[in-house]
Chemist: 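One structure coming up, written as structure tokens, with questions to follow.
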Amino acid sequence: AASELAVARELARLAARNASVETHDWFLGAGTYAHFVPSAIDALVSRWNERLPSLMLAASTGEGRFEAIVWEVVTYFTEDIDRARLLVREMLDRPDFIRAAVREHLGAWMKVVGAALRKRQSEGTIRPDLDPETAVMQAMHLLVGGLASSDVLGLFSGDDDEAFERYVGQLVRFTHSAIFLDAKVP
């Protein structure tokens, strides 16, 4: 049988193999990022699974449907601009994770919107050379990226509501004019 001192030495030797603040670098957050950010992104992206069905039903035309979705995106991200910033940050830092989240939560809706845009193409109201799914992703990128960086661009201060409304209006106009042939923009 080992003495108490021998057991204590063996336990100390084994414990020394564990990580400690002396043997490993520590950083702010201590790994919580990997636990909370994916959940936040999943919640942010999956929200569209709840909201899009009512938007699709509410708008009977392709253009009206598109406008409803665009304004829902704008409203959602302007209610808390940090939502857009988080999404952009994650697109840059963890593109594979964001790609998987978009496919999981938005893939079916991308197909529905793409089909609606193709139908409108056949009616002659959508640009004939448009790739619908790519155009929708580009529109989302323009809107989310534009909103995320809106105050960084120095076009207006955070408390200038009129300038912000003009800025958002231009984002919506660019998105609309890239897809639809007509010059009418809401």
Side-chain angles (χ1 to χ4, degrees), residues 36-150 152-153 164-186:
F36 295 112
V37 170
S39 298
I41 292 295
D42 278 343
L44 195 146
V45 176
S46 69
R47 175 194 190 271
W48 300 104
N49 280 336
E50 301 164 9
R51 187 68 182 116
L52 281 175
S54 61
L55 285 171
M56 300 298 272
L57 289 173
S60 59
T61 67
E63 187 171 353
R65 183 178 296 156
F66 176 80
E67 298 303 332
I69 292 170
V70 166
W71 280 108
E72 181 65 21
V73 169
V74 167
T75 300
Y76 179 70
F77 286 108
T78 56
E79 285 172 353
D80 183 353
I81 206 73
D82 286 333
R83 292 172 179 160
R85 291 178 182 140
L86 174 64
L87 191 54
V88 168
R89 186 175 307 119
E90 289 304 297
M91 282 191 278
L92 296 172
D93 292 345
R94 296 167 31 139
D96 294 337
F97 171 74
I98 293 298
R99 190 176 303 110
V102 167
R103 282 187 186 132
E104 177 184 348
H105 298 292
L106 301 177
W109 293 110
M110 293 290 296
K111 289 178 183 175
V112 169
V113 172
L117 291 175
R118 274 192 197 78
K119 181 177 184 282
R120 295 295 300 260
Q121 271 178 323
S122 70
E123 296 168 357
T125 58
I126 300 287
R127 297 185 181 284
D129 59 345
L130 184 84
D131 175 343
E133 288 79 13
T134 302
V136 171
M137 287 307 296
Q138 288 294 327
M140 290 295 292
H141 185 262
L142 175 67
L143 292 168
V144 174
L147 292 169
S149 62
S150 58
V152 176
L153 298 175
F164 185 72
E165 290 299 319
R166 287 194 323 268
Y167 180 77
V168 170
Q170 286 301 312
L171 285 174
V172 173
R173 276 186 211 84
F174 286 161
T175 303
H176 183 277
S177 65
I179 294 174
F180 294 94
L181 289 172
D182 65 354
K184 299 182 305 182
V185 180

Chemist: Would you give the length of the straight line joining atom CD1 of Ile126 to atom CZ of Phe180, rounded to the nearest 0.5 angstrom?
Modeler: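 Here the rounded value is 4.0 Å.
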Chemist: Quick check for you: to the nearest 0.5 Å, what is the distance between Thr134 atom OG1 and His141 atom NE2?
Modeler: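 NE2 of His141 is found 13.0 Å from OG1 of Thr134.
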Chemist: Could you tell me whether Arg118 and Glu133 have a side-chain N and a carboxylate O separated by less than 4.0 Å?
Modeler: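 Counted as a salt bridge, because a side-chain N and a carboxylate O are separated by less than 4.0 Å.
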Chemist: Please report the shortest heavy-atom distance between Pro132 and Gln121, naming the atom on each side.
Modeler: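 Minimum heavy-atom separation between Pro132 and Gln121: CG-OE1, 4.0 Å.
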Chemist: Between Arg127 and Ser177, is there a donor-acceptor pair closer than 3.5 Å when you use the side chain of the first and the backbone of the second?
Modeler: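 At least one qualifying donor-acceptor pair exists.
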Chemist: Please report the shortest heavy-atom distance between Leu130 and Ala178, naming the atom on each side.
Modeler: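 Where Leu130 meets Ala178 most closely, the heavy atoms are CD1-O, 3.9 Å.
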Chemist: Do any N or O atoms from the side chain of Glu90 and from the backbone of Pro95 form a donor-acceptor pair under 3.5 angstrom?
Modeler: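 It does not hold such a pair.
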Chemist: Decide yes or no for Phe174 and Leu142: does some side-chain heavy atom of the first lie under 4.5 Å from some side-chain heavy atom of the second?
Modeler: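 With C-beta onward as the side chain, the pair touches.
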Chemist: To the closest 0.5 Å, what do you measure between CD1 (Ile81) and CG (Leu147)?
Modeler: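 Spacing of CD1 (Ile81) from CG (Leu147) equals 5.0 Å.
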Chemist: What's the shortest heavy-atom distance between Leu181 and Gly124, and which atoms?
Modeler: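 Shortest heavy-atom contact: CD1-O, 3.2 Å.
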Chemist: In Å, rounded to the nearest 0.5 Å, how long is the span from CD1 of Ile179 to CZ of Arg120?
Modeler: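 Here the rounded value is 11.5 Å.
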Chemist: Would you name the heavy atoms of Val88 and Ala148 that are closest together and state the gap between them?
Modeler: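 Closest pair (atom of Val88, atom of Ala148, distance): CG2-CB, 3.8 Å.
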Chemist: Calculate, to the nearest 0.5 Å, the distance between atoms CZ and CZ belonging to Arg173 and Arg166 respectively.
Modeler: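 Taking CZ in Arg173 and CZ in Arg166, the distance rounds to 10.5 Å.
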Chemist: Looking only at atom types and distance, does a side-chain atom of Arg103 sit under 3.5 Å from a main-chain N or O of Arg99, one as donor and one as acceptor?
Modeler: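 Here the side-chain-to-backbone pair does not exist.
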Chemist: Walk me through it: do Leu143 and Phe77 pass the test side chain to side chain contact (heavy atoms under 4.5 Å, CB included)?
Modeler: CA-CA 9 Å; Leu143 292 168; Phe77 286 108; over 6 Å; no
Chemist: So does Ser149 get a backbone contact from the side chain of Arg85, meaning a donor-acceptor N/O pair under 3.5 Å?
Modeler: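 A pair under 3.5 Å: no.
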Chemist: Say you draw a straight line from CD1 of Ile98 to CZ of Arg89; how long is it, rounded to the nearest 0.5 Å?
Modeler: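 Taking CD1 in Ile98 and CZ in Arg89, the distance rounds to 11.5 Å.
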Chemist: Set out, in order, the CA-CA distance, both residues' side-chain angles and the distance that settles side chain to side chain contact (heavy atoms under 4.5 Å, CB included) for Val74 and Leu171, then state yes or no.
Modeler: CA-CA 9 Å; Val74 167; Leu171 285 174; 6.0 Å; no
